Novice: 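Can you keep this structure in mind? I'll have questions shortly.
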Amino acid sequence: MRVVRPGFHASVYAAVRSVPAGTVTTYGDVGAALGSPRVARHVGWALAALTDDSVPWHRVVNASGRISFKGDTPRAVLQRARLEAEGIVFTSSGRIDGFSALRLTARDALLDAISDAPA
DNA sequence: CGTATGACTTTTA
DNA sequence: GTAAAAGCCATAC
């Protein structure tokens with residue numbers, strides 16, 4: 001998907017939209033795919049500004065394979081519910097089962113999508 | 001233009 | 001395995 005002249009968050013949205021259902025990625029990977037591994041915080045920051053469902057923000061978790069939120073917040077519950085609805089399995093520790101592999105799959109899709117829409 | 005902030009990451013203990 | 005501290009950098013004010 002071609003990004004015309006994005007600000008940073010527009011790039012984030014484009015990248016996250018390219019994440020396939022049933023996979024997950026991290027803030028750092030999204031940032032890295034956009035060309036800057038140091039902007040992980042801003043990926044989350046950009047997603048925080050989202051108000052609609054046009055972006056699958058729930059497929060983005062932190063580098064530990066866990067939900068970033070405290071766990072009792074409405075968004076955390078919603079995120080987990082949506083992921084489970086896509087086939088993601090959580091371990092008893094609250095981590096995503098097979099996180100490493102899912103992350104790689106999503107990263108590959110991200111890079112492929114972004115190579116079609118260079119910064 | 002300078003300061004504050006944050007849905008993160010990595011290193012160290 | 002978890003916990004705490006430092007580092008980064010785009011928005012907001």
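Source: prediction; values computed, not measured. We name chains A, B, ... by the order of the sequence lines, and we start the count at 1 in each one.
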Novice: Students should find this one: the first and last nucleotides of DNA chain B, 5' to 3', lying under 4.0 Å from a heavy atom of chain A. What are they?
Specialist: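 The protein-touched segment is B:dG6 to B:dT9.
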Novice: Applying side chain to side chain contact (heavy atoms under 4.5 Å, CB included), can you list everything that pairs with A:V39, at least two apart in sequence or on another chain?
Specialist: A:F8, A:S36, A:H42
Novice: Show the distances under 3.5 angstrom between N or O atoms of the protein and N or O atoms of nucleotides 2-4 of chain C.
Specialist:
unit_1, atom_1, unit_2, atom_2, d
C:dT2, OP1, A:R66, NH2, 2.8

Novice: Look at all strands and tell whether A:T73 reaches a base, only sugar-phosphate, or nothing, counting heavy atoms closer than 4.0 Å.
Specialist: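 No contact.
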Novice: Applying side chain to side chain donor-acceptor pair (under 3.5 Å), can you list everything that pairs with A:R80, at least two apart in sequence or on another chain?
Specialist: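 A:R80 satisfies side chain to side chain donor-acceptor pair (under 3.5 Å) with A:E84 only.
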Novice: I'd like to check the side chain to side chain donor-acceptor pair (under 3.5 Å) partners of A:S54; sequence neighbours left out, ordered by chain and number.
Specialist: A:D52
Novice: Carefully, step by step, assess A:Y27 and A:S68 under the rule side chain to side chain contact (heavy atoms under 4.5 Å, CB included).
Specialist: CA-CA 10 Å; A:Y27 302 94; A:S68 287; 3.2 Å; yes
Novice: Listed by chain and number, what are the side chain to side chain donor-acceptor pair (under 3.5 Å) partners of A:S18, not counting sequence neighbours?
Specialist: none
Novice: Which residues pass the side chain to side chain contact (heavy atoms under 4.5 Å, CB included) test with A:A76, not counting sequence neighbours?
Specialist: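 A:A76 satisfies side chain to side chain contact (heavy atoms under 4.5 Å, CB included) with A:I67, A:F69, A:T73 only.
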Novice: Would you classify A:A63 as touching base, sugar-phosphate or nothing, given that sugar-phosphate means primed atoms plus P, OP1 and OP2, and contacts are heavy atoms under 4.0 Å?
Specialist: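 Contact class for A:A63: sugar-phosphate only.
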Novice: Can you name the atoms? Protein N/O to nucleotides 10-12 of chain C N/O, anything below 3.5 Å, with the distance.
Specialist:
unit_1, atom_1, unit_2, atom_2, d
C:dT11, OP1, A:F8, N, 2.4

Novice: For A:A85, which residues count as a side chain to side chain contact (heavy atoms under 4.5 Å, CB included) partner, sequence neighbours excluded?
Specialist: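 With sequence neighbours excluded, A:A85 shows a side chain to side chain contact (heavy atoms under 4.5 Å, CB included) to no residue whatsoever.
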Novice: Applying salt bridge (Lys or Arg N to Asp or Glu O under 4.0 Å) as the test, list every pair that has at least one member in residues 36-48 of chain A; sequence neighbours left out.
Specialist: none
Novice: Could you list all the side-chain hydrogen bond (donor to acceptor under 3.5 Å, both in side chains) pairs where at least one residue sits in residues 93-104 of chain A, not counting sequence neighbours?
Specialist: A:D29-A:R103
Novice: Would you please name every residue forming a side chain to side chain contact (heavy atoms under 4.5 Å, CB included) with A:R82, sequence neighbours left out?
Specialist: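 Side chain to side chain contact (heavy atoms under 4.5 Å, CB included) list for A:R82, sorted by chain: A:D53, A:W57, A:H58, A:L78.
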